[in-house]
> 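Below: one structure in structure tokens.
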Amino acid sequence: GPKVLQIPSHQIIDMGQMVTLNCDPVSNHLYFYWYKQILGQQMEFLVNFYNGKVMEKSKLFKDQFSVERPDGSYFTLKIQPTALEDSAVYFCASSLLTSGNTLYFGEGSRLIVV
Amino acid sequence: GDSVTQTEGPVTLSEGTSLTVNCSYETKQYPTLFWYVQYPGEGPQLLFKVPKANEKGSSRGFEATYNKEATSFHLQKASVQESDSAVYYCALTLPQQGTGSKLSFGKGAKLTVSP
């Protein structure tokens, strides 16, 4: 099926540093998403993105978070500065169309903030 | 607000026994319902999109039913295999114009199948 690729798969970073998580969505998809999953817990929506803009974000999407997709390259999630509570697995997803359309997820980027 | 509630916690079954996972939702809108499965170390993957109310859907030996009146939907498999061990999530999206399919997940039911 359609593949979403995420880089890196794992990253350990010192608290206060910046991290960028990269996502290569399914090639013809138009909507992009980030989800956060703390170990063993629920998948939590962070943000979705379309046509160069954030469409909706949750309260988990703190001011230190930003997303972009410059010139159709990777869809990125940047956290600056990182905090201990940002340790989690971050999943990128994409969908072709809007409401009711299937989301395809990557395998996640495990972020450990120390 | 809109939400989806998944009632089961961890489930341990023996191979060949049956599985039922239940979900309910609260929304004043008409949602699109999904079941996703997440294997260890992987991202969630679509099991299937639940068909219209009072119709059954099936995929990979799993069946889904949807009771629109009770705002509930259910996942079943008659005979589980060890390879079915995973976390099963119910999820929904709401009809939102132009903002993409924000998928809201239930808490997930972790299934462990022993041989």
Side-chain angles (χ1 to χ4, degrees), chain A residues 1-6 9-10 21 23 25-26 29-61 67 75 88-110, chain B residues 1-10 23 25 27 29-53 57 59-60 64 66 86-112:
Chain A
K3 292 286 190 185
V4 174
L5 301 176
Q6 289 188 239
S9 58
H10 296 80
L21 305 180
C23 172
V26 179
H29 283 187
L30 302 175
Y31 292 87
F32 313 113
Y33 312 79
W34 284 103
Y35 280 77
K36 177 181 180 181
Q37 186 177 42
I38 294 174
L39 187 64
Q41 297 187 23
Q42 192 169 354
M43 294 279 291
E44 303 276 7
F45 170 80
L46 285 176
V47 66
N48 63 2
F49 188 86
Y50 168 73
N51 197 26
K53 298 178 208 171
V54 170
M55 304 304 292
E56 187 175 357
K57 57 186 180 181
S58 74
K59 59 187 176 186
L60 295 179
F61 193 78
V67 290
F75 174 52
V89 181
Y90 291 85
F91 290 97
C92 174
S94 67
S95 68
L96 178 58
L97 296 172
T98 184
S99 177
N101 212 239
T102 299
L103 269 65
Y104 292 89
F105 286 82
E107 295 199 344
S109 294
R110 180 177 295 278
Chain B
D2 306 316
S3 67
V4 57
T5 302
Q6 192 164 354
T7 52
E8 278 77 19
C23 277
Y25 63 88
T27 177
Q29 303 179 66
Y30 295 99
T32 302
L33 306 173
F34 301 85
W35 287 99
Y36 276 78
V37 58
Q38 186 178 25
Y39 298 100
E42 298 183 14
Q45 54 182 274
L46 180 70
L47 193 52
F48 49 88
K49 183 187 288 189
V50 177
K52 292 184 289 187
S59 173
R60 306 191 218 172
Y66 169 32
V87 180
Y88 293 83
Y89 291 97
C90 56
L92 62 80
T93 61
L94 297 174
Q96 296 171 297
Q97 293 302 317
T99 59
S101 297
K102 175 188 161 185
L103 197 62
S104 297
F105 285 87
K107 289 189 174 180
K110 183 175 181 180
L111 172 65
T112 303

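Here is the naming used below: chain letters follow the sequence lines, and residue numbers restart at 1 for every chain.
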> What's the shortest heavy-atom distance between Gly106(B) and Gln42(A), and which atoms?
O-CG, 3.4 Å
> How close do Tyr89(B) and Gln41(A) get, counting heavy atoms only, and between which atoms?
OH-O, 3.8 Å
> First locate atom CG of Leu103(A), then atom CD of Gln45(B), and finally report the distance between them rounded to the nearest 0.5 Å.
14.0 Å
> Taking every non-hydrogen pair under 4.5 Å, which of Lys53(A), Met43(A), Arg110(A), Glu44(A) racks up the most with chain B?
Met43(A)
> Considering only heavy atoms, which portion of Gln37(A) lies under 4.5 Å from any heavy atom of chain B: side chain, backbone, both, or neither?
side chain
> Give, for atom CG of Leu103(B) and atom OH of Tyr35(A), the distance between the pair rounded to the nearest 0.5 Å.
4.5 Å
> Is Gln38(B) in contact with chain A via its backbone, its side chain, both, or neither, using a 4.5 Å heavy-atom distance?
side chain
> Which one wins on heavy-atom pair count under 4.5 Å against chain A: Pro44(B), Pro31(B), Gly41(B)?
Pro44(B)
